[in-house]
Amino acid sequence: MSEEKKSLNFIEQIIEEDLKNGLPQDKLRFRFPPEPNGYLHIGHAKSICLNFGLGEKYNAPVNLRFDDTNPAAEEQEFVDAIKHDIEWLGFKWDKELYASNYFDQLYEWARKLIKEGKAYVDEQSQEEINKQKGTPTEPGIESPYRNRPVEESLDLLERMRKGEFEEGAMVLRAKIDMKSPNMHMRDPIMYRILHKHHHRTGDKWAIYPMYDWTHGQSDYLEQISHSLCTLEFLPHRELYDWFLDQVIEKGKLRPKQREFARLNLSYTVMSKRKLAQLVEEGYVKGWDDPRMPTISGLRRRGYTPESIKNFSDRIGVAKRDNIIDVALLEFSVRDHLNKIAPRRMAVLDPVKLIIDNYPEGKTEYLKSENNPEDEDAGYREIPFSKELYIERDDFKEEANRKFFRLTLGKEVRLKNAYIIKGESVVKDENGNIIEIHATYDPLSKSGSGTPESKRKVKGTLHWVSAQHSVPAEIRIYDRLFLDEAPDGHKGRDFREFINPDSLHIDRKARLEPSLAEARPGERFQFTRLGYFVVDKDSKPDNLVFNRTITLRDTWAKKNK
Ligand code: ATP
Ligand code: MG
């Protein structure tokens with residue numbers, strides 16, 4: 001086997017095998033099939049990267065198919081959000097399709113099945129049907145309606161469709177095998193009555209097809225070659241194939257369902273239902289809250305499309321379920337932002353620093369590199385003056401030898417500026433430091449080439465010029481859950497593990513003036529602090545930043 005062959009994931013191996021066995025490459029076609037009942041999350045991103053990644057690799061089309069068989073309110077909002085998220089990730093679908101496009105065809109096929117004695121209308125309650133299902137080791141019981149005349153089933157189905165019956169009054173079931181060891185084969189439901197308005201078909205239908213009856217037939221109609229889904233659908237595969245057998249015509253491609261492990265992330269929940277609960281019950285401020293594992297939340301948090309795609313590549317395609325450490329996702333965004341994010345100076349918890357021997361009223365503009373990782377990023381000029389702000393915890397009146405920041409009588413460098421020495425402090429009546437006084441060495445300017453500028457000092461601090469700096473609101477996020485597997489505790493609700501302290505809002509920060517121009521979505525590294533993104537709430541006169549992630553690289557360290 002060549003190196004390349006060996007590194008194929010198991011889905012690619014299946015495809016290569018199919019190609020080898022005569023499937024023409026131009027018949028390859030994939031799909032991403034979201035249900036528009038919520039926003040996409042990082043798990044969906046995994047599936048998107050897999051399907052669209054295969055599309056790119058094999059130069060094959062990928063359909064975006066909305067699985068809209070369960071009518072609910074506000075679905076259009078979700079459709080729009082889903083499209084936006086996929087585009088933002090940088091993928092292009094071939095056709096935008098809806099399972100509801102196929103309602104007429106599915107209905108015709110259902111009639112065909114009834115006529116062939118392979119489906120029937122069952123008038124028992126759901127409860128009754130459940131009771132007859134049996135268990136994996138005991139066969140089920142056949143419904144008393146199972147062998148009713150074809151004409152009766154056809155008539156009832158037609159009247160179900162028109163809305164003549166109450167919800168729950170009856171269902172259409174496939175007639176397969178109540179003794180099958182596979183529970184999904186025990187006369188599965190194909191249609192149920194739902195008197196609900198559908199976001200696309202309006203009030204045309206009072207019956208809606210079930211997932212199993214819809215999905216494979218949609219794949220077939222679109223001639224999808226490989227229909228990839230998560231592992232919990234493995235037991236559905238037999239039914240997927242049975243339904244296909246009933247409709248497939250000669251000369252048509254037969255779609256293949258294959259299953260991969262869903263992505264689970266530590267310290268989060270990942271079902272849309274649970275995420276919807278977090279939104280509806282006000283634990284977060286919306287689907288795009290920066291603490292949410294949704295694509296929109298990650299985007300607002302400052303994640304880049306590349307970081308999400310790299311993450312997806314790093315975890316690969318697995319055959320077994322497992323939990324991925326959320327630190328790997330954080331590592332991916334840190335790694336990418338390190339390469340692309342312009343560096344800026346910001347002081348989150350400011351204390352005044354006065355340079356006693358610096359001329360009153362003078363401003364110098366100091367040249368600063370935008371990004372040492374990126375030569376093309378260029379330079380900017382930062383104003384320096386007599387009164388500055390530095391971080392409160394970058395100063396101690398007295399400190400031991402391990403404290404490399406500012407203290408009285410010792411020298412540190414101000415980044416891109418001068419070496420200064422702490423001289424004295426001014427305190428308020430409560431003993432809090434309100435001013436630090438220092439002196440600077442005029443010959444020590446960074447990059448000036450003087451012997452003084454090359455002098456080694458232990459610490460370098462970030463700073464902003466007080467009069468030039470701009471205020472900002474900074475939002476600092478922590479994990480939304482305190483437990484590694486919030487939905488993995490039997491008998492306990494995932495909401496019990498919510499971190500009550502996952503958001504800190506700070507309004508003291510002062511930023512270098514160039515940041516006054518920053519627009520929502522722009523990402524920066526604040527020197528020594530981490531990566532930050534301008535929030536959508538930000539206005540030129542009321543800047544708001546989200547902290548994306550700290551600088552510290554815990555994941556890489558742990559895994560070295
Ligand atoms: P949820 O349980 O979160 O609502 P879902 O599977 O019901 O997820 P769909 O909109 O039906 O959501 O999923 C669209 C596609 O995304 C499906 O092919 C599904 O298998 C895939 N998908 C959903 N969640 C994950 C996940 N955690 N990891 C990988 N793929 C996923
Ligand atoms: Mg689903």
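Treat the numbers as computed from the prediction; the structure is a model and nothing was measured. In listed order, ligands and their atoms are each counted from 1.
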> Does any donor atom in the side chain of S502 or D478 lie under 3.5 Å from an acceptor atom in the other side chain?
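Short answer, no.
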> Quick one: closest heavy-atom pair of L89 and A45, and the distance?
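In terms of heavy atoms, the two residues are closest at CD1-CB, 4.4 Å.
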> Judging by distance only, is a nitrogen or oxygen of A261 under 3.5 angstrom from one on ligand 1?
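No, there is no polar N/O contact under 3.5 Å.
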> Which atoms of ligand 1 sit under 4.0 Å from any heavy atom of P33?
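Here the atoms of ligand 1 in question are 14 (C), 18 (O).
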> What about R273: any of its N or O atoms under 3.5 Å from an N or O on ligand 1?
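For ligand 1, there is no N or O atom that lies under 3.5 Å from one belonging to R273.
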> With R161 as the cation and Y107 as the aromatic partner, state whether NZ or CZ is under 6.0 Å from the six-membered ring centre and within 45° of the axis.
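The answer is yes, since R161 meets both limits relative to Y107.
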> Evaluate M270 for polar contact with ligand 1, using N/O atom pairs at a separation under 3.5 Å.
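So ligand 1 has an N or O lying under 3.5 Å from an N or O of M270.
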> For F32, counting its heavy atoms only, list the atoms of ligand 1 lying under 4.0 Å from any of them.
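Every atom of ligand 1 under 4.0 Å from some heavy atom of F32: 15 (C), 16 (O).
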> Within the structure, does R31 bring an N/O atom to less than 3.5 angstrom of an N/O atom in ligand 1?
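Such a contact does not occur with ligand 1.
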> State if H41 counts as touching ligand 1 under the rule of any non-hydrogen atom under 4.0 Å.
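Heavy atoms of H41 do come under 4.0 Å of ligand 1.
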> My understanding is that only one of R65, K95, R29 makes a salt bridge (charged side-chain N to carboxylate O under 4.0 Å, His left out) with E222; could you say which?
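Exactly one option meets the salt bridge (charged side-chain N to carboxylate O under 4.0 Å, His left out) with E222, and it is R65.
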> Short N/O distance, under 3.5 Å, between S271 and ligand 1?
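No: no nitrogen or oxygen of S271 is under 3.5 Å from one in ligand 1.
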> For the residue pair H198 and F103, is the inter-centroid distance of their aromatic rings smaller than 6.0 Å?
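Here the rings of F103 and H198 have centres that are less than 6.0 Å from each other.
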> Would a line drawn from the ring center of H504 to the ring center of Y477 be shorter than 6.0 Å?
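Not under 6.0 Å, so no.
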> May I ask you to check if ligand 1 and E35 share an N or O to N or O distance below 3.5 Å?
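Checking ligand 1 against E35, an N or O pair does fall under 3.5 Å apart.
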> Non-hydrogen atoms of F233 versus ligand 1: any pair closer than 4.0 Å?
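Flag not set, F233 not near ligand 1.
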> Check each atom of ligand 1 against the heavy atoms of T230 and keep those under 4.0 Å away; list them by number with element.
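Near T230, the atoms of ligand 1 are 20 (O), 29 (C), 30 (N), 31 (C).
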> Aromatic ring centroids of F494 and Y283 under 6.0 Å?
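Between F494 and Y283, the centre distance exceeds or equals 6.0 Å.
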> How close do Y145 and V121 get, counting heavy atoms only, and between which atoms?
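Scanning both residues completely, I find the closest heavy atoms to be CB-O, 3.6 Å.
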> Are any of the N/O atoms on P34, whether in the backbone or the side chain, positioned under 3.5 angstrom from an N/O atom of ligand 1?
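No.
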